[in-house]
Undergrad: 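Can you keep this structure in mind? I'll have questions shortly.
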Amino acid sequence: LEAANQDAAVERLSESVSSLNLKGLRCNAALAPQSYSILLSEVPKVPEDELRDAMRWRIKDLSPVPVDQAVVDVFRLPEDAGSVGKGMAFTVVAQKQAIQSLVELVDAAGLKINAIDVPELCLRNIADLFSQPSRSIVMARLLEEGSHITAICQGNIYLNRNFAFRYTGGAIASEKAESLTLELQRSVDYIQHQMRQPAPSHIFLLGNGLRRGDIPESLDASFAADVGVLDMADCLPVPAGIDATTLGKCSVALGAALRDLVPAGVFNSKKGGES
């Protein structure tokens, strides 16, 4: 559903909720990329129930928004992530206003919020459908404002990094493909040699209507892993008539819908917390 502003979004979503008889159902939502940040930092030695508050103050000088205007949650880096993973955690810093706007949108459309996640954890949920116990999976989300790489193994996020690759749609030119290949290679090398994780079985690309034909063959030839555009039809039953471009735009939403099948999300209203 496309909408020019919040009011239009409420109208479009309300129409769909009504026509599909979804009114009153609980739903999961994902934050937009510009409304949150993920920071990696050392975990202080505090009881687990005090960890979120402790991390809030630990990252206050690194946060892109004042911590008193943010919702903060934490998920730990796995202990088996080499020397990098010991005592480290990812801290999600989300703008309170962005979360409030999302809750208001859902409420106004006649749905109820179950949980709010970040896209990286939505992609983690999708990776779980493709995962092999002895291999990792790399997801690269290519967007106009910048791109993100997330590496997942056995349901855990080991690497999350931003990089300066701007993708506005269409075929990826050869010179841009070289830059993308370098960034992907850096990430693959890091998770293998620094984090001691297995080589990826798949490298999935998605974002801005990316299609299979938009990726040059040289990109796939640069890796032992299979490199391709994430296609949800490869792992979920998809009704006839939904084209690949639309399906790609809905990948993060589908990952959010899979949330309750995979543990350890963030901003879960079932936990209480701040959401």
Undergrad: Just list the side-chain donor-acceptor pairs under 3.5 Å for residues 141-157, sequence neighbours left out, or say none.
TA:
from, atom 1, to, atom 2, distance (Å)
Ser147, OG, Phe165, O, 2.5
His148, ND1, Asn162, OD1, 2.6
Thr150, OG1, Asn160, OD1, 3.0
Gln154, NE2, Pro133, O, 3.0

Undergrad: Which pairs of donor and acceptor atoms, one on a side chain in residues 172-182, lie under 3.5 Å apart (sequence neighbours left out)?
TA:
from, atom 1, to, atom 2, distance (Å)
Lys176, NZ, Arg166, O, 2.3
Thr181, OG1, Ala177, O, 2.8

Undergrad: Please report, to 0.1 Å, the donor-acceptor pairs under 3.5 Å made by any side chain of residues 64-72, with sequence neighbours excluded.
TA:
none

Undergrad: Under 3.5 Å, side-chain donor or acceptor atoms of residues 233-249 against the rest of the protein: list the pairs with distances, not counting sequence neighbours.
TA:
from, atom 1, to, atom 2, distance (Å)
Asp243, OD1, Thr245, N, 3.0
Asp243, OD1, Thr246, N, 2.9
Asp243, OD1, Thr246, OG1, 3.4
Asp243, OD2, Thr246, OG1, 2.9

Undergrad: Going by salt bridge (Lys or Arg N to Asp or Glu O under 4.0 Å), name the residues that satisfy it together with Asp107, two or more places apart in sequence or in a different chain.
TA: none

Undergrad: Could you list the residues that satisfy salt bridge (Lys or Arg N to Asp or Glu O under 4.0 Å) with Arg186, not counting sequence neighbours?
TA: Glu183

Undergrad: If you look only at pairs with a residue in residues 78-103, which of them pass as a ring pair (Phe, Tyr, Trp, His ring centres under 6.0 Å), with sequence neighbours excluded?
TA: Phe75-Phe90

Undergrad: According to ring pair (Phe, Tyr, Trp, His ring centres under 6.0 Å), does anything in residues 210-240 pair up with another residue at least two apart or in another chain? List the pairs.
TA: none

Undergrad: Does anything in residues 195-208 form a salt bridge (Lys or Arg N to Asp or Glu O under 4.0 Å)? List the pairs, not counting sequence neighbours.
TA: none

Undergrad: Hey, could you give me each pair passing ring pair (Phe, Tyr, Trp, His ring centres under 6.0 Å) that has a residue in residues 20-39? Not counting sequence neighbours.
TA: none

Undergrad: Of all residues at least two apart in sequence or in a different chain, which pass the salt bridge (Lys or Arg N to Asp or Glu O under 4.0 Å) check with Glu48?
TA: Arg76

Undergrad: Taking only residues two or more places apart in sequence, or in another chain, which ones meet Asp80 in a salt bridge (Lys or Arg N to Asp or Glu O under 4.0 Å)?
TA: none

